[in-house]
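Only this structure's heavy atoms are used, side chains among them; waters, hydrogens and symmetry mates stay out. The first residue in the sequence is number 1, and the count goes up from there. Treat the numbers as computed from the prediction; the structure is a model and nothing was measured.
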Amino acid sequence: MSRVLSEKKEILNHIENLSNEIFYEIFDYLDGCDIYYSFSNLNCRFQDLITHSTFYLKVQFSFKFQSNLTINDRYERYILPNKHRIISFYCDNQLYYEEFIQLSPINSTFNHLESIILKHISTFQFVDLLYYLRSLPRLSSLQIFFDSCEDDIGDIYQLIFQLPFLKYLRVEIDDFEVSDLTLSMATIEQYTSIEFFIFFHYLTLDQFFHLLSYTPRLTHLYCFNILDFELTNSTEIFPKLNNLVLFNFCTYDLSCDLCQALFSKLPLQLKILSVTVSDRDISYLDANRWEELIRKNMPNLERFTLCLQEKMDERFQITDYHKTISNYFLPFWMEKQWIFRIVVDDDEIDSSIFPHSQKFYDFEEHLSYNRNSCPGVNLNIINLNKNQVYINRFKSLFKIINVTRLVIKCSIDSMRTFIKILKLLPNLMMLRVTFLTHPDEFLDAKKDMIELRRCVKNSKITNVTISNAQGSDDVDFIIGLFPQMKSFSIQIISNCDFLRVTYWILYRIKMNKMSHPMKVCIQVKEGTNDLIEKLYEMIDSKKLFKNYTIFRKFDIFYIQWN
């Protein structure tokens, strides 16, 4: 017993060495009630930390984060005496919501509450809650996720727009009929303070225009999904959004003419435009039309993303595809280095060039590399298989495109096609590969492996990322295949595997005598700062490297040495 107490005391002493700033960062990931429950009785230091007037609490009622406390205990012991220190409220279950509201409505007594996130809440419950939310003096962020909407969402929007200090609004509805929104154009008295607006539900173009008339101060707008039918479809009623700098627009079956007429109404200071289209209208592929629109109406545009994801008209042949893509490599587009994703769904073609979507992998974002050090474009190829004879038809296109970054999924059946693509891309520097087959199956194909190793040996690839890693064999396979790489990344592993996988990566790098300057990037599902200390301890105890540094960017951990 004394030994156990001694060990606990020693652990506490180690924890005590951490700075207050680190503790506050850790607390930022925790429920405020659980913080009080776990730390308030440890010692005077933690008592002072969590009762300090500048330390605000986040309250979470979630199935994901089970608590030892009942809702009544949490309210009576921690929420009631600290209402004035609660900065955010999160709830993802109707039962939790109903039980808490019976104890205490969220009203003006929560005078520091700035952010509310409600998931799986009914529209009836939400309307009832809105009565109290109007009294909150600091509520600036509201996110609501409805499973369905039985009411006219226009009525709910009008109630939301009455919240006086709201800056950020997100509304998502899983099951929603497009006809269930009735909203007239706003008057000056109905204008809101909302600057950042995201909605995930269907709207007609006219409904979209009416909704935006309430939000003239918008700077960021994400809309999913705009349909084209009924009413006037006149862009003349599109409201003025003079402060808009980012516009993410998704549409289904909206003609290119109407879409570009809408974009011509956007403010001149727009900096980011992202367009995702599900339509057979091949006019969307016309680079000249987009160039004319941007030159005339968007002189300050810094980033343009175009994503087409629908089967093209049958008249649109492979030669047209080549010609269309080639138009995006004229000086205007190459100087911009913007991103395009053109998906052509055909028996012979199933690829994405210039990927950008929710699944888009941004090397710059994940690896913190300088784009100037790796100029060129991204190529994303999905569902690679041995029957994709279209690769041969792209030879001429690849000759004029400086592809330096490749994202690809590969199985044993596509090994030869994978090798063929690598040979067609001699300037490739960055590779992200998802192996859909266990490495042992690749190793069994000895003839292909010999050719693959010869191809990789002569390549310029120095940056490799693998996803869908199954274990140490994946690591061994990549490190053995690319001993010249200067950056190795792996995604995504769980926290419990973090140290084990990291150790094996660093150990194999050391055993392969890869002594040149290098960076290892490891992405986990939920990264925490304590993993940095564990990494230092593991690397030092195993004597893997000297003169290295570790840093973290969100859920990505970087280990770097010279």
Side-chain angles (χ1 to χ4, degrees), residues 59 83-84 86-91 94 97-98 100-102 104-173 176 178-204 206-224 237-244:
V59 174
K83 283 185 176 182
H84 61 290
I86 294 175
I87 195 172
S88 69
F89 179 83
Y90 172 95
C91 184
Q94 289 193 22
Y97 163 77
E98 291 175 355
F100 177 75
I101 293 301
Q102 286 178 358
S104 172
I106 302 177
N107 55 29
S108 59
T109 58
F110 293 81
N111 57 15
H112 272 92
L113 186 57
E114 297 179 357
S115 172
I116 295 177
I117 301 176
L118 302 172
K119 294 186 176 182
H120 307 298
I121 186 172
S122 70
T123 52
F124 175 79
Q125 290 172 321
F126 180 68
V127 170
D128 186 45
L129 176 64
L130 273 171
Y131 174 81
Y132 299 102
L133 297 188
R134 283 183 291 182
S135 66
L136 294 174
R138 293 175 180 260
L139 182 63
S140 60
S141 176
L142 178 63
Q143 300 182 55
I144 318 107
F145 301 80
F146 299 115
D147 290 331
S148 61
C149 184
E150 302 83 12
D151 305 299
D152 189 324
I153 192 64
D155 294 336
I156 294 176
Y157 269 119
Q158 285 195 323
L159 293 173
I160 294 174
F161 292 155
Q162 294 176 23
L163 299 175
F165 307 105
L166 203 61
K167 301 292 184 184
Y168 181 103
L169 174 63
R170 175 175 178 142
V171 178
E172 184 169 337
I173 309 172
F176 182 71
V178 70
S179 60
D180 292 340
L181 186 146
T182 305
L183 202 62
S184 60
M185 294 291 286
T187 63
I188 296 178
E189 293 77 17
Q190 294 174 306
Y191 287 170
T192 75
S193 56
I194 297 171
E195 298 176 1
F196 203 117
F197 185 22
I198 304 173
F199 67 83
F200 283 87
H201 57 74
Y202 292 109
L203 288 179
T204 65
D206 286 57
Q207 290 171 336
F208 177 55
F209 292 164
H210 284 217
L211 184 63
L212 293 187
S213 68
Y214 291 79
T215 58
R217 297 184 185 179
L218 281 183
T219 59
H220 294 70
L221 174 61
Y222 296 78
C223 53
F224 310 85
I237 63 173
F238 184 72
K240 292 184 178 180
L241 303 175
N242 295 327
N243 300 310
L244 196 68

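Nearest approach of Thr204 to Gln207, heavy atoms of both residues: N-OE1, 2.9 Å. Taking both residues in full, the closest heavy atoms of Ile106 and Tyr132 are given as O-CB, 3.1 Å, listed atom of the first, atom of the second, then distance. Residues Asn111 and Pro137 come closest through the heavy atom pair O-CG, 3.7 Å. Heavy-atom minimum distance, Phe165 versus Arg138: CD1-N, 4.5 Å.
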Could you go through Tyr168 and His220, starting from their C-alpha distance and side-chain angles, then the distance that decides it, and tell me whether this counts as side-chain contact (heavy atoms from CB on, under 4.5 Å)? CA-CA 9 Å; Tyr168 181 103; His220 294 70; over 6 Å; no
Could you walk me through whether Tyr157 and Val171 pass the side-chain contact (heavy atoms from CB on, under 4.5 Å) test, one step at a time? CA-CA 9 Å; Tyr157 269 119; Val171 178; 3.5 Å; yes
Let's go through Leu136 and Leu163 carefully: what are the C-alpha distance in whole Å and the side-chain angles of both, what is the deciding distance for side-chain contact (heavy atoms from CB on, under 4.5 Å) to 0.1 Å, and is it a yes or a no? CA-CA 9 Å; Leu136 294 174; Leu163 299 175; over 6 Å; no
side-chain contact (heavy atoms from CB on, under 4.5 Å), that's the test. Do Tyr202 and Leu181 meet it? Break it down for me. CA-CA 10 Å; Tyr202 292 109; Leu181 186 146; over 6 Å; no
For Phe146 and Phe126: C-alpha separation, side-chain torsions, deciding distance, then whether ring pair (Phe, Tyr, Trp, His ring centres under 6.0 Å) applies. CA-CA 9 Å; Phe146 299 115; Phe126 180 68; 5.7 Å; yes
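Within the 4.5 Å cutoff, no side-chain heavy atoms of Ile160 are placed close to those of Thr192. Side-chain contact between Phe145 and Ile117: present, with at least one pair of heavy atoms (C-beta onward) separated by less than 4.5 Å.
With values rounded to the nearest 0.5 angstrom, Phe110 atom CZ is found 4.0 Å from Ser104 atom OG. Between His120 atom NE2 and Ser148 atom OG the span is 12.0 Å, to the nearest 0.5 Å. Here Ser115 contributes atom OG and Gln143 contributes atom CD; the two are 6.0 Å apart, rounded to the nearest 0.5 Å. Separation of atoms CG (Asn107) and CG (Leu129) is listed at 10.5 Å; rounding is to 0.5 Å. Going from atom CG of Leu169 over to atom CZ of Phe196 covers 11.0 Å, rounded to the nearest 0.5 Å. With rounding to the nearest 0.5 angstrom, the CG atom of Leu118 is 6.5 Å from the CG atom of Leu142.
Counting non-hydrogen atoms of neighbouring residues, nucleotides and ligands closer than 6.0 angstrom, the OH atom of Tyr191 exceeds 12 such neighbours.
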Pair up each side-chain donor or acceptor in residues 208-217 with any protein partner under 3.5 Å, not counting sequence neighbours, and list the distances.
from   : atom 1 : to     : atom 2 : distance (Å)
His210 : ND1    : Leu183 : O      : 2.6
Ser213 : OG     : Ala186 : N      : 2.9
Ser213 : OG     : His210 : O      : 2.5
Tyr214 : OH     : Gln158 : NE2    : 3.1
Tyr214 : OH     : Ser184 : O      : 2.9
Thr215 : OG1    : Leu212 : O      : 3.1

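Proximity of a side-chain donor or acceptor of Ser193 to a complementary backbone N or O of Leu166 within less than 3.5 Å is detected. At distances below 3.5 Å, at least one donor-acceptor pair connects side-chain atoms of His112 with backbone N or O atoms of His84. Distance alone, capped at 3.5 Å, is enough to place a donor-acceptor pair between the Thr219 side chain and the Glu195 backbone.
Ring geometry for Phe224 versus Phe200: interplanar angle under 30°, hence parallel rather than tilted (30 to 60°).
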